[in-house]
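Keep in mind that this is a model prediction, so the values were computed, not measured. Chain letters run A, B, ... following the sequence lines, proteins first, then strands; residues in each count from 1.
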2 protein chains.
Amino acid sequence: MALTRIPRDHNLTYGLVESLGQLIVTGEFDAKAFPTEGELSRQHGTSRSVTREAVKMLTAKGLLQARPRQGTSVTPEAQWNLLDPDVLRWLLERKFSLRLLAEFTEMRLAIEPAAARLAARRADPDAVARIRDGLRRMVAAGLGDEEPVTADIAFHTAILAATGNRFYAQLDPLINTALRISIRFTNRVKGRAAGIAGHEEVLDAIAAGDAERAGLAMHALLSEVLELIEAAAAHPGAGARRPVRRAS
Amino acid sequence: MALTRIPRDHNLTYGLVESLGQLIVTGEFDAKAFPTEGELSRQHGTSRSVTREAVKMLTAKGLLQARPRQGTSVTPEAQWNLLDPDVLRWLLERKFSLRLLAEFTEMRLAIEPAAARLAARRADPDAVARIRDGLRRMVAAGLGDEEPVTADIAFHTAILAATGNRFYAQLDPLINTALRISIRFTNRVKGRAAGIAGHEEVLDAIAAGDAERAGLAMHALLSEVLELIEAAAAHPGAGARRPVRRAS
DNA sequence: CTCCGACATATTATATGATTATTATTCTCA
DNA sequence: TGAGAATAATAATCATATAATATGTCGGAG
């Protein structure tokens, strides 16, 4: 039961990437120009090496671009790599908007039913067992044994993995962060959004190899979530909006 | 009609990122350990600064991880950010496999019909015009006025943009590179894969606001592509496999 | 023999100064 | 007015030094 050794990610460079990433997505530099290399170093008390490496990482994620004499600048939002887990996390956590959450859910509505169909066609007994285990944990979480979000995530992750398609599996970290936000939100609005029953239907269909039913069941699940989000967007103020906390 | 000023991307750092990215995805370091910072500098004739910055960019894309004393290492393939345009491009161009192309097409088969449905529900006249223009260019390309791939890409891009959903729009560069490879391949196997007629059906449905029909038409289009790829995978050698060229 | 801590060591992480390349802006001159 | 030259600002690159951090090694206590 060894803890999987998580890389520390605890150095100046990664810290600066986090800070700058959050500042960028929250629009801190929409008005004023992005600081120059030297300014960044001074402002954050880091060496130029660290600064440059952080800027390069953000460039790799599409948030920044740099040219001599012109300086470093924030790229137009359309070029941001929303499918990068970090970028999506910064957006959802630091610049939460129902609009963005709705758009992401709209994409899940395309991906996950297809994933369920593939899983129904391909899942081997082990994969099905992992999905079933996710569901079991969701039920257990209802009894307080575990955080419900974690179990729900495990369920969806297991289905993505069961597709045997690397691109679906790749969406796992994205869906995880979004789900964490999404659940936190849908719970506040209406108790538990999608009941255990809906998840059971998905699992049954996959286990039975019924691709069509699995897809439809997953679609129903996510449609409900999307409707909740869109309803809330139409009636602002119904659920208290969580204020955007800024890094101290 | 000014050319959009494309950033030059013509410096040592980006060059090294390209080289290393290609080497990594082609499995160059599966056997031997990834070189140390100093070794990389010597091997590529770059200073430690550019070496480190290149490594950091690849780290941001999930290909590398570095820890003191342990050295830098290639991450397990499951952690690579396949949804990063660079990573996908390296894989498709330098380590082409029908398997990967099939998996990607499988994802397009989830995304693009959904995009077509959304486009049918939301597309304003301008957006429809842009889709129509893509189709017009495809027809013109048949007459030799333009490269067919470019026109086809414009068609798909316009639909993704018409969804008004940033995540769908984000898939544009990914689908572009893949489409470029995909078309090159499907053409070799069987002349033009999906005829103009299929594309016209998609456009008509979107213009008519018929979401269901648009989705089905797009689904049909991509199913045909996927079938071609899977058939070729089952009969290796039917179409001459393009050899993987290595950077000189 | 096993476990634990001190120490050595390799490697990345950080810091800093200097130099070069690139390019937007300004100036000069025809 | 316009073209070309000079200027200057900025990132890009290089070089070098020091710090931090894992990892292995070895000796000794139990």
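With rounding to whole Å, R42(A) atom CZ is found 15 Å from dA15(C) atom P. Atom CG in L40(A) sits roughly 14 Å away from atom P in dA15(C) (whole-Å rounding). Protein atom NE2 of H44(A) is 13 Å distant from nucleotide atom P of dA15(C), rounded to whole Å.
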(request) Quick one, give me the B/S/- string for nucleotides 4-12 of chain D, reading 5' to 3', where B means a protein heavy atom under 4.0 Å from the base and S means that only happens at the primed atoms, P, OP1 or OP2. (result) ----BBBSB
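For A110(A), the side chain to side chain contact (heavy atoms under 4.5 Å, CB included) partners are A114(B), Y168(B), not counting sequence neighbours.
Dashed line: the shortest gap from a side-chain N or O of S47(B) to OP1 or OP2 of dC14(D) is under 4.0 Å.
For the pair D133(B) and R136(B), the salt-bridge criterion is met [side-chain N within less than 4.0 Å of a carboxylate O]. Under 4.0 Å is where a charged nitrogen must lie from a carboxylate oxygen, and between E18(A) and R94(A) no such pair does. Under the 4.0 Å criterion applied to side-chain N and carboxylate O atoms, R122(A) and E106(B) are assigned as salt-bridge partners.
Counted by atom type alone, S41(A) and T51(A) present one or more donor-acceptor pairs between their side chains at under 3.5 Å.
With K61(B) contributing its side chain and W80(B) its backbone, the two residues share no donor-acceptor pair below 3.5 Å.
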